[in-house]
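Worksheet: one structure, shown below.
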Number of protein chains: 2
Amino acid sequence: MVRKKQGDKENAIIEAAVKVFSQKSYHGSTTSEIAKEAGVAEGTIFRYFRTKKDILSKILIKVIESYAQTVVVDSLREFLTNYKDSNANEKEVIKALLRERLKVIEANLPLVKILFTEIQFHPDLRKVWVEKVVRPSMDVAVAYIEKKKKEGKIKAEVNAEVATRSFVGMVFFMVLSKLMLYEKLDLSLSESGELDQIVDILFEGIAARTIKG
Amino acid sequence: MVRKKQGDKENAIIEAAVKVFSQKSYHGSTTSEIAKEAGVAEGTIFRYFRTKKDILSKILIKVIESYAQTVVVDSLREFLTNYKDSNANEKEVIKALLRERLKVIEANLPLVKILFTEIQFHPDLRKVWVEKVVRPSMDVAVAYIEKKKKEGKIKAEVNAEVATRSFVGMVFFMVLSKLMLYEKLDLSLSESGELDQIVDILFEGIAARTIKG
DNA sequence: ATAATAAGTGAGTAATCACTCATTTAGGAG
DNA sequence: CTCCTAAATGAGTGATTACTCACTTATTAT
C-alpha cells in the first residue's frame, strides 16, 4: 500500500522549483509554473512557503549547510590521514577528495547552477554562503598547504590562498564549461581523466622540467 | 557649445541597461527602471529597441563581436604567434598577455557579469558566444601549446585543452571571487601579484621540486 | 518665420505577476 | 456513519509588467 507521506507536496514543490529555477533563473520563473511542474495548485505553494523568495532561500540554505558539513568532514579527515600515514602522496589524497566532491556536484548540478547564479543577486544568501562555506573552506585549505610547506612538500614561495583559489577555479571552470557547451553532461566528470590532469597541473605545472642554472 | 549628438539617448539607455542588468539580472530588471536610470521616458526605449530582450541582445552581441572577437581572439593569436622566433620566456609572454586582458576585463566588469550570467538562460546568445569566442580562442591556445610541446618547452603529456581550461578557470575564478567578496574591487587585478603567482603555478605547479626516482 | 519631419513623451493597455481566502476535499477518531 | 480538523484548491486581487500610440517638443530645410 502506498501511504502518502506528509511532506510529499513540500518535496514536490522544492524539486519542481529546483528544476524551474535552474532553467529560467529565479526572476525568470513564476510560481504558477512551479505549481504546474510540481502537480499542485498554486495556492498550495503558499501553505508551505511564505513567499517565492522563501522557496529559493530554503533550497539554498539547505545546500549551503550540506556543503558546510563537508568542510568539517574534510578538515577532520585530513587530521586523521595525517596520523595514519603521513607519507601519503598528497596528489593522490587531493585526487580522491576531488573525485568524491565531483560525484556530489554531478548529482546536484541544477542546485549548483542555482547557487552560483543567485548568490550574485541575493546578498543575504551570499553572506551565508561566504561565512559558512567559503571562509571555512579557505581556512582548511590554507592550513593544509601551510603544513605541507613546512614539510617541504609544497614550495615555500606558494601563496596558500592563491593556490587554493587557483585549484577551485580550475575545477569550477571545468564543471562550468561542460555545463555550457553540452546541454547534458556526456561523460561523468568524476570519472573523466580531466580530473587527474588538473591535479597534475596544479602540483607539477605544464612546463617541461629543465635543469635550472 | 555642447552639441547634442545623435545616438546620445541610445547610448544612455545602453549604459543604464548595463548597470541595471548587472545589478538585478535581466529578468529582475524592468524597463521603467532602465528608463529612469537613463533619464529618458519609458517610451523612448522602444524607439531604439523593439523589446527588452533586444536591449540585452544588442549589448551582448556588441560585446561578443566587436570586443571579444577582436580583443580576445585576434590579440590572442597575435600574442601567441608573433613571439614565435624570440627566445622570450613563455611565462613572461603569458603574464604580459594576461595583464593586458585583465585591464580590459576590469574596465568592463558589469558587462562581463551580464555575459556570464545571461548566456546561461539565453541559448541564442550562448551559441554566438561559443562560436565566435570560445572555440576560436581554444583553437589558438591549443595550437600554441602543441607547438611548445614540440619545442620541448611544455610537457608532452599535458592535454592542451585541459591546460587551457585550467588556466582560464584560474583567472576567471580570481576575478569572480574578488567580485563576490568585495562589492568593489579594492585593488587592481592587473596590478596585483596574484596574476604572476597564478602563471607560476600553471607553469611550475605547487609541489616542491624533488629528485624523482 | 514657417512648414515638414523626426524625436521624445507618458498616460494608457492587456497580460501576467505573487499572493489571498472562502470554499471544498480528505483522513482519522469516536 | 458523523464529526472534526487540517490540507488543498483555484478563482479572485491589486500591483506591476512590457509595450503602444496619440500627442508634444525639438530639429532641420527652405
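These values consider heavy atoms only, across backbone and side chains, with no hydrogens, waters or symmetry-generated copies. All of these numbers come straight from a predicted model, not from anything done at the bench. Per chain, numbering begins at 1; letters A, B, ... match sequence-line order.
The distance from atom OH of A:Tyr48 to atom P of D:dA6 is 13 Å, rounded to the nearest whole Å. Put simply, NZ on B:Lys9 is 10 Å from C1' on D:dA26, counting in whole angstrom units. Whole-Å rounding puts the A:Arg50 CZ to C:dT20 C1' distance at 15 Å. Taking atom CD1 of residue A:Ile45 and atom P of nucleotide D:dT9, one finds them 10 Å apart after rounding to whole Å. To the nearest angstrom, C1' of D:dA18 lies 13 Å from CG of B:Asp54. Between A:Leu56 atom CG and C:dA18 atom C1' the separation is 15 Å, expressed in whole Å. The nearest whole Å value for the distance from the CZ atom in A:Phe46 to the P atom in D:dA7 is 18 Å. The distance from atom NZ of A:Lys52 to atom P of C:dT20 is 15 Å, rounded to the nearest whole Å.
Side-chain contact, B:Ser32 with B:Glu42: no donor N or O sits under 3.5 Å from an acceptor N or O. Residues B:His122 and B:Lys53 have side chains that bring a donor and an acceptor to within less than 3.5 angstrom of each other.
Residue contacts for B:Thr30: at a heavy-atom cut-off of 4.0 Å it reaches the sugar-phosphate backbone alone, with no base atom in range.
Taking the six-membered ring where the residue is Trp, B:Trp129 and B:Phe116 present perpendicular rings, their angle passing 60° and hence far from 30°.
For B:Arg47, no side-chain nitrogen or oxygen approaches OP1 or OP2 of C:dG8 to under 4.0 Å.
Relative to the ring axis of A:Phe21, A:Lys113 does not place its NZ or CZ within 45° and under 6.0 Å from the centre.
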